[in-house]
Amino acid sequence: MEKLKAMALYTDFRKELIYIEKELENAVQSDSPLIQQASIHLLRAGGKRIRPIFVFLSSKFGDYSMETTAKVAVSLELVHMASLVHDDVIDDSNMRRGRKTVKAKWDNRVAMYTGDFIFSRALTSIGEIEMTSVHRLLADTMLEICKGEIIQFDYQRRTDQSFRDYLRRIKRKTALLLSSSCELGALISNADDEVVRRLRNFGYYAGMAFQIVDDILDLTSSDKQLGKPAGSDLLNGHLTLPVLYIRNEPAFQPYLTKAFDGTLSEKERTEMLSFIRESGAIEKAHEVSDLYLEKATAEIRLLPDSDAKKAFEQVADFLAKRTF
């Protein structure tokens, strides 16, 4: 049922999303057969295309142009794709969405070249838009994402992280790009300044809620649902919100230590996941996600009434309460 609701959210933008997929494939064409093959492999893994949806919806609050909006949407999705390739290198991840990662199918060097290539293609896509404010915002967003990757690396396998450290990481990992998606969509359609501000805030709050739920699903979903081992964040050395709540509990610390040093057995992984699920930490993390969702919804309520406003309310509800 939830998947049907999610699909319904995309119905109004079916034409645009088909166009986006074609443009993404065009964007990753390369003179290097290896880089092109790796880029297409990543593209074929799919994704929710949340960022393009946010760009298209936000642009509906001004003078909408599909062709112009698509250039921004493609650029932001390429930035997201590039960051995933780099993340997989940092985390030494072998699986993503049920497929081998670029670094697993080839190697770290190919993965880094592929990520850099896709980043550059993102700039090419948006370069056709003659708006300084758009270029500046994308550049700032890419800079913050890169900072986020460095921060994530610095905090890998560290247990002395604070709640604030976690929020700072997910802000750069997810929320900023969703916030920029909303802001850029509004900017290119020349929406009112107040509308731009509220959409930017909405994207940030929705992005924070989205990432917290993503971190929860990593612990509550099955390996099959995730397309990778449940608990991969911990196995890759990342403390997420549910784990922050229980990291100092004596019964949990042996699991945490083994997860971080790579000695956790399959039986212990199952036991660890059961411990987390029964600890109450999942419910506490959901409460934080719900707070961000409330803030996101509050921003949307103050926007001018329109079909795009109603769609944003549906999207926000789905993103924060999804189970896949």
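Every heavy atom of this structure was used, including side-chain atoms; hydrogens, water molecules and symmetry mates were not.
Residues Leu264 and Arg269 come closest through the heavy atom pair CD2-CA, 3.7 Å. Scanning both residues, Leu303 and Arg198, for their nearest heavy atoms gives CD2-CB, 3.9 Å. Of all heavy-atom pairs between Ile129 and Thr68, the closest is CD1-O, 3.8 Å.
The only option from His238, Gln152, Gln161 that meets the side chain to side chain donor-acceptor pair (under 3.5 Å) definition with Arg169 turns out to be Gln161. The only member of Leu234, Leu256, Leu219 that meets side-chain contact (heavy atoms from CB on, under 4.5 Å) when paired with Met272 is Leu234. Of the candidates Asp92, Asp87, Asp88, Asp91, Lys103 forms a salt bridge (Lys or Arg N to Asp or Glu O under 4.0 Å) with just one, namely Asp92.
Salt bridge Glu271/Lys267: present, at least one basic N to carboxylate O contact under 4.0 Å. Using a cutoff of 4.0 Å between basic side-chain nitrogens and carboxylate oxygens, Lys309 and Glu313 are not scored as salt-bridged. For the pair Glu194 and Arg197, the salt-bridge criterion is met [side-chain N within less than 4.0 Å of a carboxylate O].
The aromatic rings of Tyr292 and Tyr204 sit perpendicular to each other, their planes meeting at more than 60°, with 30° as the lower class boundary. Note on ring orientation: taking the six-membered ring where Trp is involved, the planes of Phe163 and Tyr245 are tilted (angle from 30° to 60°). Between Phe61 and Phe312, the ring planes lie parallel to each other; the angle is under 30°, not in the 30° to 60° tilted range.
In this structure, CD on Glu77 lies 8.5 Å from OG on Ser181, to the nearest 0.5 angstrom.
Side-chain N or O atoms of Glu25 include none that pairs as donor or acceptor with a backbone N or O of Glu21 at under 3.5 Å. Between the side chain of Ser289 and the backbone N or O of Ile212, no donor-acceptor pair lies under 3.5 Å.
In terms of the ring pair (Phe, Tyr, Trp, His ring centres under 6.0 Å) criterion, Tyr205 has no residue partners (sequence neighbours excluded).
The side chain to side chain donor-acceptor pair (under 3.5 Å) pairs that include a residue from residues 109-118 are His86-Asp116, where partners are two or more places apart or lie in different chains. Every pair tested for salt bridge (charged side-chain N to carboxylate O under 4.0 Å, His left out) that includes a residue from residues 237-256 fails, sequence neighbours excluded, so the list is empty.
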